[in-house]
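Inspection log for the structure reproduced underneath, given as structure tokens.
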Amino acid sequence: MATHCTDYDFLQIEPHWQTFWADNRLFAAGPDRSKPKYYTLDMFPYPSGAGLHLGHCENYAITDIMARYKRARGFNVLYPIGWDAFGLPTENYAVKTGRAPADVTRENIATFTRQLKTIGVSYDFSREVNTTDPAYFRWTQWIWLQLFKRGLAYVEDKPVWWCPALGTVLANEEVIDGKSEVGGHPVERRPLRQWVLRITAYADRLLDGLQGLDWPDSTKRMQAAWIGRSEGSDVEFDLESLPGQRLRVFTTRVDTIYGATYMVIAPEHALAEALTTPEQCAAVQAYVKTAASKSDLERTELAKEKTGVFTGSHAINPATGQRIPVWVADYVLASYGTGAIMAVPAHDERDYEFAQKFNLPCPQVIAPADGTPVELPYCDKGEAVRLVNSGECTGLTPAEAKTRLDARFAAEQRGRSTVQFKLRDWLFSRQRYWGEPFPIVWVDETDYRKAAAAGTLPLPAEPVTCVIDGQTRFALPLPESALPLELPDAPGYQPTGTGESPLAILTDWLEIWFDPATGAAVSATESKPGDRWVRGRRETNTMPQWAGSCWYYLRYTDPSNAEAVASPEALRYWGVPDIYVGGAEHAVLHLLYARFWHKVLFDLGVVPTDEPFPKLFHQGIILGEDGEKMSKSRGNVANPDDIINRYGADTLRLYLMFLGPLEAMKPWNSRGIEGVHRFLHKVWRECLDAEGKPNPKLSDHHTDSDELLRGLHETIRKVGDDIDNLRYNTAISQMMIFVNALQKEPQVNRSTMTSFLQVLAPFAPHMCEELWARLGRSGSVMLAPWPQYDAARLQTNQAKLVFQVNGKHRGDQLLPVDITQEDAVKAAADNPKVAAQLEGKTIRRVIFVPGKILNLVVG
RNA sequence: GCCCAGGUGGUGGAAUUGGUAGACACGCAGGUCUCAGAAGCCUGUGCCUCACAGCGUGCGGGUUCGAGUCCCGCCUUGGGCACCA
């Protein structure tokens, strides 16, 4: 079944075995539930027109080697692939060319698939999923409906990037330095109706869940920082000019309240206008207007110098009873906490800087317990500091003061201990065509009540409403049975020019008669089909690309199930990925969003566990030869197709894995690849002679030396360990060491060679299949059980003992491992170099680590 | 500014719990084979030195019989966050 080439002709060998694997369906995840399962997953690729790059190859080689190894170890392996195919690049291309996004997507997927097959990745292509397939996004919509039903989705006007010149809304990543990425046109913020998901309701669980995950620490830390849990207190300050109203602040340092000498509200704060006195009106209005016209980016970038305006009003510090001024300043963010702060300049850097600029008082209320004078601002807290000048709290530690003040303000009904998060709710809509449509119809209140009364729809406890053309509309979901809601055809896919999605001009699709019981719809231009039908307008937003990638790993367990996301049985057996490999660029968003959806599905009883990715690994970025990030403009891109044509996929895979630690960022080196290519040639020559027949040095009867067998067993052991621990580079180095030893042997037992081929096979699968067959082994090397190493073979009775004198290496000698210290010292003393160092000196101390080192301390 | 991870030959990198620094490979040099070349094979290759010795894991200190590894201070590269009260 092997090819007949005499040389290592990888261009012939590789396609041959790729066809063999596909024809024999060797990589399909099996139905046998008695076997232990292993689920390995790559991050969901976007099938771009540019095709596969080296980063993909690195990612997929890592998981492919793992998958092949685990199969050989007897696991039932699930190793799937699919396509995260909705999204902007395809839509932009469609707009430009007028071609249907679905057609473009299909072509891109075909290209990707072809390329994947040329690198020999052992995916189970029978489980391929595609987020743009209605049979798939039916369940994306279904999950979204569950979120909707549980009150986790709502609608809000939110500012988005709008480009007047392009007549369209842009994503954050399409805006660069305040200009559109395409064309460099100016962009502005414009409020548009958006769907928002209440991810903040899961903030605590998302944070706590991180603890048990086997993820890179840096990624866990990044997510924790993104969630940004912060414990503090809410306190309400009375307002002198607005009796009965209070200004609420959030502070993590309520213990410093005796030092709060002014307050600051964000320019967007609801009380900004009410608090402004007539004399200050012009100044405040001007300030608020300037702040509003700045983008978030400008506001933070220009943040070097603090700015602000006095409102003219005062609040009362509830601790001291003093009147303190209320300012407006944009260093306070409307979106965090309550949008207002109590400023304690003596103990907060930002407040200090502001107070210095505007000449506000800075009384110190925290001091080191030992009375050391300190410079302001002084931000220490903890056991070593005490409150000073703080009335009843003077002398307490900050922690004690917090307890006391929280209790006092709670009793006064003006405060409490509380927790804030940096995490914001998730803006979950795009004004775009190429995404999942929301299964929502906007209706008036009467129709909503009528439809709700039927009791069959997935409705939230509180209706979701919005105002369209001055009228309040209610969000009526499609019944689950009516899913999927497919995308209508849109001529040209052009932007509408109003900021709404291209769907908003497809009147027949948009304005409908709708049957809430069945989800059926007809154009509103037709006559009302029946009594229970209601007049509605479809939701025109579509879901962001994150939607489809939030749950795809579940679909792989049962990809064609028409009744559910996946069957409970499949979800129980396959569970979640045992290892998830992808780039660190998704450390926060994708991984956080998917965790959120998974927890909701867990609460719904759909999935049996509450975390989707127990083990995560990030492969490092492959840089160009110049050590810079690969990019077309730099001209430092190495193309996988070229490399495969020149060296073969096995060489490419092996070299990518040999380059360095998998997680490290490392530069490509086109000369270095020669090394692993030579290594594969060497393996070939050790197996076959010049005619392509088995090398005469291989025999079935030869007894290999203990040393060679120790090398073989050490290699089996190390390669297995290193694969388990994702240290492929040292596994390869061990295989090179073994082949170098093999090469020096005049005769080698054939089974030694075939055992070695088995451990090499996950890395260089095509060549190992070929050699396995040519050495007379039957079937696929992939089906042979992983060789066992014999621990007894690894032992030696001699080991090199290193001699040191005063910690310096002075020689070594092969000695029995169980040598006594006394004999070891004798052996050392016989060593001429050691003897020279001992000359005329006394041995003061002997450090003996058996089998390793003998250090003689002399003086 | 804050948090994190790195810094080892000409190059990529290796080094259980502190125990031979530089495995493996690239490159380079010499040799062998060849009419010649390619490929292969052999030898060498941290620095300094003819050699002995000495010096060497970003820099400066420290702990230790012994430090790439542990501790303190600094420099530097990369990543993340960035007025989050």
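Atom set for the values below is all heavy atoms of this structure, side chains included, hydrogens, waters and symmetry mates excluded. Throughout, protein chains are lettered first and strands after them, A, B, ... in sequence-line order, and every chain is numbered starting at 1.
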For [N] and [M], measure between their [atom1] atoms and round to the nearest Å.
| N | M | atom1 | result |
| --- | --- | --- | --- |
| B/C70 | B/U17 | C1' | 12 Å |
| B/A23 | B/C74 | P | 35 Å |
| B/G73 | B/G66 | C1' | 24 Å |
| B/C75 | B/C83 | P | 25 Å |
| B/G12 | B/G27 | P | 15 Å |
| B/U77 | B/A14 | P | 23 Å |
| B/G6 | B/U57 | C1' | 13 Å |
| B/C26 | B/G40 | P | 9 Å |

Minimum-distance nucleotide (side-chain atoms of [X] versus [options]):
| X | options | answer |
| --- | --- | --- |
| A/T251 | B/A85, B/C55, B/G13 | B/A85 |
| A/N855 | B/C65, B/C4, B/A25 | B/C65 |
| A/K666 | B/C4, B/G13, B/G27 | B/G13 |
| A/K833 | B/A85, B/A53, B/C83 | B/A53 |
| A/V802 | B/C81, B/C24, B/U20 | B/U20 |
| A/V332 | B/A85, B/G12, B/G19 | B/A85 |

Rounding to a whole Å, what distance do you find between [X]:[atom1] and [N]:[atom2]?
| X | N | atom1 | atom2 | value |
| --- | --- | --- | --- | --- |
| A/I621 | B/G79 | CD1 | P | 8 Å |
| A/L592 | B/C81 | CG | P | 13 Å |
| A/K220 | B/C81 | NZ | C1' | 19 Å |
| A/R717 | B/U16 | CZ | P | 12 Å |
| A/L589 | B/G80 | CG | C1' | 12 Å |
| A/W215 | B/A5 | CH2 | P | 18 Å |
| A/R671 | B/C24 | CZ | P | 20 Å |
| A/L423 | B/A82 | CG | P | 12 Å |

### A/E707/A/R710 salt bridge by N-O under 4.0 Å criterion
no

### Query
Is the closest basic N to carboxylate O distance between A/D722 and A/K718 below 4.0 Å?
yes

Let me have the donor-acceptor pairs involving side chains of residues 801-821 of chain A, under 3.5 Å, with sequence neighbours excluded, atom names and distances please.
unit_1	atom_1	unit_2	atom_2	d
A/N806	OD1	A/V858	N	2.9
A/T820	OG1	A/D823	N	3.2
A/T820	OG1	A/D823	OD2	3.2

### Task
Using heavy atoms and a sub-4.0 Å distance, could you list which residues of residues 719-739 of chain A are near RNA chain B? By number, please.
A/N729, A/T730, A/S733, A/M736, A/I737

### Task
On the 0 to 90° scale, with breaks at 30° and 60°, tag the A/H677-A/F10 ring pair as parallel, tilted or perpendicular.
perpendicular

### Query
Pairs counted as Watson-Crick or G-U wobble with both distances under 3.5 Å: what dot-bracket string results for RNA chain B, using | for bases tied to another strand?
(((((((..(((......[....)))((((((.......))))))((......))..(((((..]....))))))))))))....

side-chain hydrogen bond (donor to acceptor under 3.5 Å, both in side chains) involving [X] - partner list, sequence neighbours excluded:
| X | result |
| --- | --- |
| A/Q420 | none |
| A/E236 | A/R246 |
| A/R253 | A/D255 |
| A/Q223 | A/R595 |

### Query
Between A/N669 and A/K718, which has a closest nucleotide on RNA chain B that is more 5'?
A/N669

### Query
Considering heavy-atom distances to RNA chain B, does A/Y336 or A/I847 have its closest nucleotide positioned more toward the 5' end?
A/I847

Show the distances under 3.5 angstrom between N or O atoms of the protein and N or O atoms of nucleotides 33-43 of chain B.
unit_1	atom_1	unit_2	atom_2	d
B/G40	O3'	A/R685	NH2	3.3
B/C41	OP1	A/Q743	NE2	2.8

### Query
Can you tell me how far the OH atom of A/Y655 sits from the CD1 atom of A/I643, to the nearest 0.5 Å?
9.5 Å

Counting the atoms with a prime plus P, OP1 and OP2 as sugar-phosphate, which does [X] contact under 4.0 Å by heavy atoms, base, sugar-phosphate, or nothing?
| X | value |
| --- | --- |
| A/F421 | nothing |
| A/V857 | sugar-phosphate |
| A/P661 | sugar-phosphate |
| A/L659 | sugar-phosphate |
| A/R424 | nothing |
| A/R845 | base |
| A/K808 | sugar-phosphate |

### Task
Please assess A/D351 against A/Y331 for the test side chain to side chain donor-acceptor pair (under 3.5 Å), listing each intermediate value before the final yes or no.
CA-CA 9 Å; A/D351 297 344; A/Y331 83 90; 2.8 Å; yes

#### Entry: Residue list, side chain to side chain contact (heavy atoms under 4.5 Å, CB included) with A/L11, at least two apart or on another chain
A/D9, A/N645

### Query
Mind checking what makes side chain to side chain contact (heavy atoms under 4.5 Å, CB included) contact with A/P694, not counting sequence neighbours?
A/L775

### Query
When you check the glycosidic angle of B/G10, does it come out syn, meaning within 90° of 0, or anti?
anti

#### Entry: All pairs passing salt bridge (Lys or Arg N to Asp or Glu O under 4.0 Å) where residues 654-683 of chain A contributes a residue, at least two apart
A/E58-A/K666

### Task
Could you note down all residue pairs passing salt bridge (Lys or Arg N to Asp or Glu O under 4.0 Å) where residues 216-226 of chain A supplies at least one of them, sequence neighbours left out?
none

### Message
Are A/Y262 and A/F354, when compared by the centres of their aromatic rings, separated by less than 6.0 Å?
### Response
yes

### Query
Do any side-chain nitrogens or oxygens of A/N740 fall under 4.0 Å of OP1 or OP2 in B/A25?
yes

